[in-house]
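Notes to accompany the following structure.
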Amino acid sequence: MSGPEQRLREELGALCRGWGLHRKKLHVLIGRAVAEWANVSGNASDYDVRMQITRAIDRLIPQGLLSDQLRAVRVALAIEPGVQFRSLKERTETLASEYNVSDRTMRRWINDALDHLSHLAVTSAGAEDHDHGWAVERLKTLVRLDDDMPLVIEQRTVVATVDGLERVSARFSLPCEPGTPTQARDVVAEVMHGARIKCEHRDGLGHFRYDLALPNPLARGQELTYTMAFRVVDGLPIRNYYAVVPVVTCSSLVITVRFGLSRLPTAVWKIDEVHHRVLSDPLKPGDGTLPLNGAGEVTVPFAALKPSFGYGVAWHL
């Protein structure tokens, strides 16, 4: 086992003790090897740490992490539903009973699974993944709906979670309104400052990903702010909301939506911790609506965003 594998294996083994990933002050206890592998930023919450490690484990399934190994690892780390007991011994005994083997055999299975996971994590780390190695410290977004062509301006402050970070990625989705013809959407994107677009990828009809080259490599913990603009130029209707669904840790978000004074909405409300799958359903106001100021704007802050959940502003025109 190589040095990096050994360090990751030792840190994962330490996290399996006690309550596993449900222990208190988890964000303080994780080591650097796990933090870099799971893309955990320095100010991540316990929930963020748990979710990022879980996501990092799941990313190894296509790399060769087998179903029995996956279950053994998840049980050891106390993230498998139904076996979130207070000690690794209890979790091991439960799994041993399920597979009808001795506790000693199950301990060996768990150790072998952790060894294999550590090996896959290190050997697959060389693959190009611009969603790894950084987190979002602050995101400020301006959505302008006071023009014929909607414009979104996003200012992101990213923090490196590894040394030598040279690339990050940006994503923008523009699904069609329900009931409108299904066709490819058209967006013009540009970096206004802080980075350069290296290449652009289209996924499906309305999902875009941009690989951004940073001006200089970032050391772990170092921050960089850049701003991107996305303009919808196809003339097709847009959905009645703007939402951010983090793919990496995002500590804070502030969204401002500016409406045209000649076409103010009849209702505006906050999207707060809505699962990304639900965003495709028709959205309705919650318990309260948001007032607009005299400029036809509304501003909503969010903190400690959860990956895969949506946060934003919705409206009825």
Side-chain angles (χ1 to χ4, degrees), residues 1-17 19-23 25-81 83-84 88 91 110-137 158-165 167-169 171 209 220-221 245-251 276 304-309:
M1 183 176 289
S2 66
E5 285 182 42
Q6 185 65 39
R7 287 191 291 274
L8 181 61
R9 174 63 180 85
E10 290 173 356
E11 292 181 13
L12 286 171
L15 290 176
C16 290
R17 299 168 190 157
W19 284 103
L21 296 187
H22 286 274
R23 70 183 67 200
K25 297 185 178 180
L26 178 63
H27 65 288
V28 176
L29 297 173
I30 65 166
R32 179 162 181 166
V34 170
E36 292 190 358
W37 163 62
N39 204 35
V40 178
S41 64
N43 62 350
S45 66
D46 286 351
Y47 176 88
D48 291 333
V49 174
R50 188 160 55 249
M51 290 300 298
Q52 289 297 96
I53 293 176
T54 301
R55 287 160 63 94
I57 292 171
D58 290 344
R59 283 198 297 267
L60 294 179
I61 296 173
Q63 305 297 327
L65 189 63
L66 304 178
S67 58
D68 286 347
Q69 295 172 328
L70 174 65
R71 181 160 174 76
V73 168
R74 290 175 63 90
V75 168
L77 290 169
I79 54 176
E80 184 73 3
V83 289
Q84 295 170 354
L88 176 59
R91 298 193 293 277
I110 289 175
N111 286 332
D112 288 346
L114 289 169
D115 288 346
H116 189 52
L117 182 148
S118 300
H119 174 73
L120 291 176
V122 171
T123 55
S124 65
E128 193 172 80
D129 180 5
H130 300 326
D131 289 335
H132 183 82
W134 56 280
V136 178
E137 183 68 19
V158 298
V159 56
T161 59
V162 298
D163 286 323
L165 179 70
R167 301 272 192 94
V168 298
S169 68
R171 298 173 185 269
R209 177 169 58 85
R220 185 171 188 264
V245 180
V247 295
V248 300
T249 300
C250 183
S251 299
H276 68 93
L305 287 69
K306 296 180 179 180
S308 299
F309 287 83

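Residue numbers count from 1 along this sequence.
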Could you please spell out the steps behind the side-chain contact (heavy atoms from CB on, under 4.5 Å) verdict for I57 and L77? CA-CA 11 Å; I57 292 171; L77 290 169; 3.6 Å; yes
Between S118 and D115, is there a side-chain donor-acceptor contact under 3.5 Å, judged purely by atom types and distance? no
Which residues pass the side chain to side chain donor-acceptor pair (under 3.5 Å) test with T249, not counting sequence neighbours? none
Taking all non-hydrogen atoms of both residues into account, name the closest pair between [X] and [Y] and its distance.
X	Y	value
E137	S251	O-CB, 3.4 Å
N39	Q52	O-NE2, 3.3 Å
A113	V73	CB-CG2, 3.8 Å
P246	K306	CD-O, 3.8 Å
R167	W134	O-CD1, 4.2 Å
V168	L165	CG1-CD2, 4.0 Å

Tell me whether [X] contacts the main-chain N or O of [Y] through its side chain, where contact means a donor paired with an acceptor under 3.5 Å.
X	Y	answer
D58	R55	no
R74	I79	yes
H22	A78	yes
R220	T161	yes
R23	R17	yes
R91	A76	yes

Look up atom [atom1] in [X] and atom [atom2] in [Y], then write down how far apart they are to the nearest 0.5 Å.
X	Y	atom1	atom2	result
L117	W37	CG	CH2	5.0 Å
E11	I30	CD	CD1	8.5 Å
D112	Q69	CG	CD	8.5 Å
E80	T54	CD	OG1	10.5 Å
H119	L8	NE2	CG	12.0 Å
L12	L21	CG	CG	9.0 Å

So which of D48, V245, V158, L305 actually passes side chain to side chain contact (heavy atoms under 4.5 Å, CB included) with C250? L305
Report yes if some heavy atom in the side chain of I110 is under 4.5 Å from a heavy atom in the side chain of C16; otherwise report no. no
Could you walk me through whether V40 and V34 satisfy the side-chain contact (heavy atoms from CB on, under 4.5 Å) test, starting with their C-alpha distance in whole Å, then the side-chain angles of each, then the deciding distance to 0.1 Å, before giving a yes or no? CA-CA 8 Å; V40 178; V34 170; 5.9 Å; no
For the pair R59 and L120, evaluate side-chain contact (heavy atoms from CB on, under 4.5 Å) and give the outcome as yes or no after the intermediate values. CA-CA 10 Å; R59 283 198 297 267; L120 291 176; over 6 Å; no
